[in-house]
Amino acid sequence: MVDNNISENTVLAIQNVSKLYPGVMAVDNITLDFKKGEIHGLIGKNGAGKTTLVSILSGVISPTSGLLIFKGKAYKSFSRMEAKKFGIDIVTQEPEIIPEATVYESFFQPDYPMKNGCIDWNFMKIKVKEILDKVGINVNVEMRMKDFSISLQQLFAIIKSFYLIKAPLIILDESSASLSEKDRDVLFNIIEKKKSEHSIVYISHRTDEILKICDVLTVLRDGKAVCTESVKNLTEDNISQFIVGSSKTFEETEVLKNTNSTDEVILELEKLGIFKKFSDINLKLHKGEVVGLAGLRGSGRTEIMKAIAGIDPFEEGVMKLEGERKKFYKPSDSINSGIVYLPEEREKEGIIDVFSVKKNLNLVQFDNLKNRFRFLDNKKDSNAAEELIKKFEIKCATSEQAIRYLSGGNKQKAVFGKIYSISPKVFLLDEPTKGIDISTKGILLRMIRKELTQNATILLSAPSLEDLMIACDRIVVLFKGKIFKVIEKKDFDEQKLFLAVQGVK
Amino acid sequence: MFTNVKLKVIDNLIWVILLILIIVNGIITPRFFSGANFINIFYHSVVLGFLIMAESLCLMTGNFDLSIESSIAFAPAIGVLLMTQWIPGFNPFLSTIIILIIGALIGLFNGSMISYLKVNPFLQTLSVNIILRGLTYKLIPMSIFKLPKSFTFLGSYKIFDVIPLAVIIMLLGFLLIQFVLSYTKFGRNVLAIGGNERASFISGIDTRKVKTITFMLSGILASFAGILAIGRQMSLTNKIGEGLVFMAFAGSVMGGVSLDGGVGNALGMLGGVLVLGVIDNSLTLLGVDAFLVYAAKGLLIFLAILLDNSKTNLREKIILDEEKRKLSLGINN
């Protein structure tokens, strides 16, 4: 049953592992092995299957088919507890910490060392001090986790994994993304030092990092492993080729060539900035134009949009709406001036789940639905909702149905309907296509390009570069909170964009 | 079809319970079934009714207000002292207005601390509650009788010597709240904030302002309840309202107001008031010991919470069953 050619050094191997989600093959027939002393890189676009794959490895989800082989024994899936017992440790993208815990406590959670039936705090303190000394980090271990930067919190999690748990297989899921330059060097040093004792799975968006520290690289695309190759044989260029694929050229995909773009400037940003988030953002948005914001997590996309909408007001710079200087301190003000924001987190910030579809749709446009006594007119209320349901093709039994029973895509359409209802001048769309099936995505992108541009300008961000390339007239690439590059539609090229997003000229 | 009936029953559970209570009491409780007794039930529910309105408004925004228990005594205490001791002969009408203003100011303080300074609503309203009760004890060491007729009028006047004016005012109050919730922007915003405060904020609702206004309304309604209570008793004591805030919670929740916010309607609240009133009335008529009545009410609060929990689950289950049934019949939704 178990493949014979798995070498002795293999810590964990997976064979023909697949994970099927309704309508999507998130992981498609992947066979890999992870060896001791080897750093195995994983790279791919958003939605390529990286997270699903490591979730399978760490026992968070079970694969639909395939085998996981640990120490010569085959398993259909791991439970989270099993994975932990085997020593498969995952350091997540964002540090999972208890803010009130001290540094030394956080190292041992949840497996506290015991002595005579009590927690041995002293031992913990000494041990953690010793470990941090070894790595060369000098901090007071009695301080609380919330007192440290995200970068250090993340680094603590990594150190815990290497020095305390000493897990045979360590998965670093985009851990370097939240590390500062200095802490990243510490990470690389740790990896260099401890490499021989562990098998490391290193997930990153950045090809330069992969080339620098990995031995083997697997590129994922649409759930498939398109290449597993020794890093020696790879260059930045052919990695990005593998990532992007020779997929349909731009002309063949559903490009909506006609643009509604005009010369009339609606929104102008001059040197906009918020300390530590983004700075020096200069941008002119024209009527009818769709401008894409591309960038990695933390590059400032969401922050810029939220600053314009007044959710987290900007600190420096000037914003002009139709030539008039404006600054908003709360969204109720920006909405009155015709700027609407579609939040990235649909459930948390977009919908009111105890409300009906109708009430959600009409939340913003109450003033349009009043009768002459300034009270709600039931007929206008229903008609307006029906109109939006039709326009955005929202699938619901009736407009009175509670919105929480709708699918993700239909909820998103409802949020679109809500902000569209007041015919704004500026749409700020923060990842509207996130977590949405392909057909809905098509409807939304077409809607954005055709309907929304009629009288407005659009600032759009998306989890995938393809979506931006389909919908935008211009893509602004952000890197570390600054505008890195502006690419016009005629120069769109996924490979180049992919590199630009990582800050490669 | 049947599913719709089930959902209707669940959504109006409180009225079903009320109906059952009335029928059962009609059989076992002597003197229960009479017009005078029903009017009595309503009349005795008036004060709690207004407190339930006050509490429900806060609950619907996802907050709550413990201080209404003392606003009901403190605000009228100031007004009454003004009339009777500080400025004898002070206009009772003006005094009523001042009482309502004091209620609003208490609400303004609570509301702005909670919405703008992000103070925890429990700690905020708890401390205000204790402060105001303490001040009331200090200001009114003994009961004050002999109040001007025009002041006690609201709480004591009976139309044709039968129907108390206060009952009519309470019913109008519930109607008004129902109207505000379904037909005004403010009402929608109240429920929206309770449903999802962050989403409401981003959708352009000035959440802090709306929340502050609800607390102010809560204060006004509570102090008005105080005026009615004084009118009914024809006297002011420092004990007015004691223990009532938890009854207000119970009534609100039984009336379908969700503790998580975002859900509620005035008709249900009225049902909650009446259920509490009927139980109180029948236990008293049956000659149950007053302390036991109190314990029975405690049991009720417990049942109310149980009800609130199971209701949502039950509702979801019914909807799910309906979907399964449709699927098995091959109807595509």
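Below, chains carry the letters A, B, ... as their sequence lines are ordered, and counting in each starts from 1.
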query = Between OG of S182(B) and CZ of F375(A), what distance do you get to the nearest 0.5 Å?
reply = 11.0 Å
request  = Can you establish whether the number of heavy atoms outside L171(B) located under 6.0 Å from its atom CG is more than 12?
outcome  = yes
key: Greater than 12 external heavy atoms within 6.0 Å of E345(A)'s CD   = yes
request  = Could you tell me which portion of I335(A) (side chain, backbone, both or neither) has an atom closer than 4.5 angstrom to a non-hydrogen atom of chain B?
outcome  = side chain
ask   = Is it the side chain or the backbone of F355(A) that comes within 4.5 Å of chain B heavy atoms, both, or neither?
value = side chain
query = So which part of K395(A) gets closer than 4.5 Å to some heavy atom of chain B, the side chain, the backbone, both or neither?
reply = neither
task = Nearest 0.5 Å please: distance from the CD1 atom of I205(B) over to the CZ atom of F366(A).
result = 11.0 Å
ask   = Rounded to the nearest 0.5 Å, how far apart are CG of N360(A) and CG of N196(B)?
value = 9.0 Å
request  = Answer yes or no: are there more than 12 heavy-atom neighbours, outside E96(A) itself, under 6.0 Å from its atom CD?
outcome  = no
message = For F179(B), I'd like to know if atom CZ has over 12 heavy atoms of other residues, nucleotides or ligands within 6.0 Å.
response = yes
request  = Work out which heavy atom in K359(A) is nearest to a heavy atom in L191(B); give both atom names and the distance.
outcome  = NZ-CD1, 4.3 Å
Atom NZ of K209(B) with >12 non-hydrogen neighbours under 6.0 angstrom = no
inquiry  = Does atom OH (Y116(B)) have a neighbourhood of more than 12 heavy atoms from anything else shown, all under 6.0 Å?
reply    = yes
key: side-chain contact (heavy atoms from CB on, under 4.5 Å) between R374(A) and K185(B), worked out   = CA-CA 9 Å; R374(A) 307 191 59 228; K185(B) 190 172 180 172; over 6 Å; no
request  = Identify which part of N336(A) has an atom lying under 4.5 Å from any heavy atom of chain B, answering side chain, backbone, both or neither.
outcome  = neither
key: CG (N455(A)) with more than 12 external heavy atoms under 6.0 Å   = no
query = Any chance the side chains of N378(A) and Y183(B) put a donor and an acceptor closer than 3.5 Å?
reply = yes
task = Identify the two heavy atoms, one from A199(B) and one from I352(A), that lie closest to each other, and give their separation to 0.1 Å.
result = CB-CG1, 4.3 Å
query = Which value, rounded to the nearest 0.5 Å, describes the distance between I311(A) atom CD1 and R198(B) atom CZ?
reply = 6.0 Å
remark   = Separation between CG (D333(A)) and CG (D206(B)), nearest 0.5 Å, reads 7.5 Å
message = Could you check whether atom CD1 of I150(A) has more than 12 heavy atoms from other residues, nucleotides or ligands sitting under 6.0 Å from it?
response = no
message = Is any side-chain heavy atom of N362(A) closer than 4.5 Å to one of R188(B)?
response = yes
request  = Please round to the nearest 0.5 Å and tell me the distance separating atom CD1 of I419(A) and atom CD1 of I202(B).
outcome  = 11.0 Å
task = Locate the shortest heavy-atom distance separating V354(A) from G262(B); write the atom from each residue and the value.
result = CG2-O, 3.9 Å
ask   = Given a strict heavy-atom distance threshold of 4.5 Å, which part of L342(A) is in contact with chain B: side chain, backbone, both, or neither?
value = neither
